[in-house]
Undergrad: 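Right, I'll just put the structure down here and ask away after.
Remember, it's a predicted structure, so these values are computed and weren't measured experimentally. For ligands, and for the atoms within them, numbers begin at 1 and follow the listed sequence.
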Amino acid sequence: MSKLFVISGSSGVGKGTVIKEFLNKHPDYKLSVSCTTRNKRDGELDGINYFFISDETFSEYIANNEFIEWAEFSGNRYGTKRDYVEKCLKNGENLILEIDTKGALNVKNILPDATLIFIAPPSIEELEARLRGRHTETEEAISKRLASIKLEIENSKKFDHIIINDTVDNAVSQLEKLMSL
Ligand code: 5GP
């Protein structure tokens, strides 16, 4: 039986690092690559980090019902392709979706067996410092991301599990425990 885990967390919380470390240790888990309309950051690769697509293409995918879920986040759109998720689950593969909290709750409605995990920062101050330290966003983008944190924390109350990311090693071992590995 394949397992589906949906991992959400506020921007800058370090969920990407935690997931990367987890995948290094557990190559039998696959990470779904989402589509987004946002600009590529330095070092990001098309087809690896995201499929970077235009607004027009994104709208076409919505019209053709090609997303299992999609959401607008901080002025950009992000979506998970339905065929990819269905193919992995049909093939018995274990899949991780790294998506925002709204998308995660939508997935749970469609696929109730999915396990939702929220990765939280040790504190909001720490999160703000991490977000600024990344130097990848403008001040305006950072403010938007900080504003969405409240909503995400509210949504996370409906999640199955919450992990505090104090250190990467701790967070990864908590993930392994939740996933019974
Ligand atoms: P970032 O721009 O920092 O890569 O991602 C911003 C937010 O979009 C993060 O919370 C990330 O988890 C979320 N996200 C990435 N891909 C998807 C997706 O396919 N669907 C949804 N709903 N959110 C996504």
Undergrad: Report, as yes or no, whether the 6.0 Å neighbourhood of atom CG on Asn39 holds more than 12 heavy atoms from other residues, nucleotides or ligands.
TA: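 It does not: Asn39 CG has 12 such atoms or fewer within range.
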
Undergrad: Which residue and non-hydrogen atom of the protein lie closest to atom 16 (N) of ligand 1, and at what distance in Å?
TA: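 Its nearest protein heavy-atom neighbour is Ser34 OG, 3.1 Å.
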
Undergrad: Restricting to pairs with a member in residues 64-78, which pass salt bridge (Lys or Arg N to Asp or Glu O under 4.0 Å), not counting sequence neighbours?
TA: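 Found Asp55-Arg77, Glu66-Lys81.
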
Undergrad: Residue-level breakdown please: for Arg145 versus ligand 1, do any non-hydrogen atoms fall below 4.0 Å on the side chain, on the backbone, on both, or on neither?
TA: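 Side chain only; the backbone of Arg145 stays clear of ligand 1.
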
Undergrad: If the test is side chain to side chain contact (heavy atoms under 4.5 Å, CB included), which one of Ile164, Thr101, Val6 qualifies with Phe118?
TA: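 Single pass found, and it is Thr101.
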
Undergrad: For atom 9 (C) of ligand 1, what's the nearest protein heavy-atom neighbour? Residue, atom name and distance, please.
TA: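 Going by distance alone, atom 9 (C) of ligand 1 is nearest to Lys15 NZ, 4.0 Å.
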
Undergrad: Considering only heavy atoms, does Tyr78 approach ligand 1 within less than 4.0 Å through its side chain, its backbone, both, or neither?
TA: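 Looking at Tyr78 and ligand 1, atoms from backbone and side chain both fall under 4.0 Å.
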
Undergrad: So Ser34 and Thr80, side chain to side chain contact (heavy atoms under 4.5 Å, CB included) or not? Walk me through it.
TA: CA-CA 5 Å; Ser34 297; Thr80 309; 4.2 Å; yes

Undergrad: Taking 4.0 angstrom as the limit and counting only heavy atoms of Arg38, give me the atoms of ligand 1 inside it, by number and element.
TA: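 Selected atoms, number and element: 1 (P), 2 (O), 4 (O).
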
Undergrad: Any heavy-atom pair between the side chains of Leu146 and Arg132 that's under 4.5 Å?
TA: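 Side chain of Arg132 against side chain of Leu146, heavy atoms only: contact under 4.5 Å found.
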
Undergrad: State whether Glu176 and Lys25 are salt-bridged, where the test is any N-O pair (Lys NZ or Arg NE/NH1/NH2 against Asp/Glu carboxylate O) under 4.0 Å.
TA: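 Lys25 and Glu176: salt-bridged.
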
Undergrad: Under a 4.0 angstrom heavy-atom cut-off, which atoms of ligand 1 come close to Arg41?
TA: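 Close to Arg41: 1 (P), 2 (O), 3 (O).
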
Undergrad: Could you tell me, atom by atom, which parts of ligand 1 come under 4.0 Å of a heavy atom of Gly103?
TA: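 Counting from 1, the qualifying ligand atoms are 22 (N).
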
Undergrad: Relative to atom 24 (C) of ligand 1, which among Ile99, Val33, Ile7 owns the nearest non-hydrogen atom?
TA: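 Heavy atom nearest to atom 24 (C) of ligand 1 belongs to Ile99.
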
Undergrad: With a 4.5 Å cut-off on side-chain heavy atoms, are Cys35 and Tyr50 touching?
TA: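 No, their side chains stay 4.5 Å or more apart.
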
Undergrad: For the residue pair Tyr29 and Phe5, categorise the inter-ring angle as parallel (less than 30°), tilted (30 to 60°) or perpendicular (more than 60°).
TA: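 Judged by the thresholds at 30° and 60°, the geometry between Tyr29 and Phe5 is tilted.
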
Undergrad: Which option out of Leu131, Ile68, Asp100, Leu105 puts a heavy atom nearest to atom 10 (O) of ligand 1?
TA: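 The option holding the nearest heavy atom is Asp100.
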
Undergrad: In the protein, what heavy atom is nearest to atom 20 (N) of ligand 1, and what distance, to one decimal place, separates them?
TA: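 I find the closest protein heavy atom is Glu69 OE2, 2.7 Å.
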
Undergrad: What protein heavy atom lies closest to atom 5 (O) of ligand 1? Include the residue and the distance to one decimal.
TA: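 Result for atom 5 (O) of ligand 1: Tyr50 OH, 3.3 Å.
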
Undergrad: Using distance alone, determine whether Gly79 and ligand 1 share an N or O pair under 3.5 Å.
TA: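 Between Gly79 and ligand 1 (N or O atoms, distance only) the closest approach is under 3.5 Å.
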
